[in-house]
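Indexing begins at 1, ligand by ligand and atom by atom, following the structure's order. What's counted below: heavy atoms across the whole structure, side chains too, no hydrogens, waters or symmetry copies.
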Amino acid sequence: MKELSSVASAVKASTTLAVDAMAKKMRAEGLDVIGFGTGEPDFDTPKNIRKSAVRALLEGKTRYTPANGIISLREAICKRLAADLNVSYEPTQITVASGAKHSVYIALKGLVNPGDEVILPAPYWVTYYEAVRMVGGVPVVIDAPESANFKITPDQLRNAIGPKTKLFLINNPSNPTGMLYTGTELEELLNICVAHDLYILADEIYCALVYGDGKFVSAASLGEEIKKRTILINGVSKSYAMTGWRIGYAAASPEISKVMTNYLSHSTGAPSTISQYAAREALNGSQDSVEAMRKVFDQRRQVMVQRIGEMEGVSCLEPQGAFYVMMNIEKQKGRTLGGRLIRNGDDFALAFLETAQVAAVPCSGFGAPDFLRFTYAASIDDIGRGLDRLEKFLNG
Ligand code: PLP
């Protein structure tokens, strides 16, 4: 038979999902596995949102909608963007898709021609790298080391820009690092994009999950010049514990929105109608649950950071956003743990899962091979037990 698509065949499976799949398999075999793997709130979707979905269903809201989403959802998105992020968009500038992951993909489809370069700070969310390649783009990775708080500098960005650069992709707060750029840092970076006529893909899905003195500033709030070349990505998965409902969106100029909508209309069409009504309730209804969940995440974050900080031979920075902690395992390299020689985070994650039955994500797929990502979207009880096991595992 003829070969499969070379572009599709080059796509790697998500490392996040691979660890999760192995953990699920071990659980199915009856093992007590503690999961710090996938980035998914462990809370139920708030009741008012679930009820609104039932209502939509009973009212027969079960047919196709416009490809870019129902108007009342796009209005609710605009209202929330204005209230929470101080940015103003018209409903025609909003493209609703089947999750923020899909929004990232159609935004890349809408902007990137084969051979165009996309600048991506590492550590990055694993999907970005693959999605850029899936649309024929070339990821140009800039290293944001732990010593620089996992942030890139303006000079690094300038030096990465070449004649083929089309787009700068920034995720703030970041998955996997949990780091947050200040408004000033962000503005400096994005003004460089303006000066070099680049588009900006700003994934702000964790904007509601910011802790301590961190203050979230949206890329699109930094002036018209930046805004008009920015595609904001957001969604309901993380802030409203709605990962399975599959609603994300992009806010962009009318021209870009039109291209994304056309693309959607010939691929998935609109996302699930029932989910759109639920997302509308999430955005229009009480926001108390968002703050309640954020507070719980914050407590867990503090426990996790403190416990890892107290352990010998591993370390982590204190993240300011999202729900992840990056644990540095550099000092473990060369040791044998659980019968495995530890050469990098992949070995460590595997040995840790096999021996201690704890699933954390190795960050090789995120461009940071000496790190493991722990999510604190897990119960405080699991966090305590998982870190007890880590301590024991490190003690050999
Ligand atoms: N963007 C980032 C940075 C993420 O970490 C994730 C999920 O892990 C997504 C987007 C995807 O969100 P959704 O579930 O809405 O597709």
Evaluate [X] for polar contact with ligand 1, using N/O atom pairs at a separation under 3.5 Å.
{"X": "Asp203", "value": "yes"}
{"X": "Lys101", "value": "yes"}
{"X": "Ala100", "value": "yes"}

| request: Flag this pair as yes if the NZ/CZ of Lys61 is under 6.0 angstrom from the six-membered ring centre of Tyr277 and inside a 45 degree cone about the axis; otherwise no. | output: yes

| Heavy-atom nearest neighbour in the protein, as seen from atom 9 (C) of ligand 1, with distance rounded to 0.1 Å | Trp125 CH2, 3.3 Å

Going by the atom numbers of ligand 1, which of them fall below 4.0 Å from some non-hydrogen atom of [X]?
{"X": "Ser237", "answer": "13 (P), 14 (O), 15 (O)"}
{"X": "Asn171", "answer": "3 (C)"}
{"X": "Gly99", "answer": "15 (O), 16 (O)"}
{"X": "Tyr128", "answer": "3 (C)"}

| query | With a 4.5 Å heavy-atom cut-off, do Pro46 and Met293 have their side chains touching? | reply | yes

| remark: To atom 16 (O) of ligand 1, the nearest of Arg246, Glu204, Met242 on a heavy-atom basis is Arg246

Indicate whether the side chain of [X] and that of [Y] have a donor and an acceptor atom separated by less than 3.5 Å.
{"X": "Asn175", "Y": "Arg373", "result": "yes"}
{"X": "Asn395", "Y": "Glu391", "result": "no"}
{"X": "Tyr181", "Y": "Glu187", "result": "no"}
{"X": "Asn68", "Y": "Thr95", "result": "no"}

| Do the charged groups of Glu312 and Lys331 touch, with an N to O distance under 4.0 Å? | no

| query | Is the shortest side-chain N to carboxylate O distance from Lys333 to Asp347 below 4.0 Å? | reply | no

| remark: Short version for Lys238: what comes under 4.0 Å of ligand 1, heavy atoms counted, is side chain

| message | Just to be sure I read this right, does ligand 1 sit under 4.0 Å from the backbone of Tyr124, its side chain, both, or neither, counting only heavy atoms? | response | neither

| task | Determine, using heavy atoms of Glu40 and all atoms of ligand 1, whether some pair is separated by less than 4.0 Å. | result | no

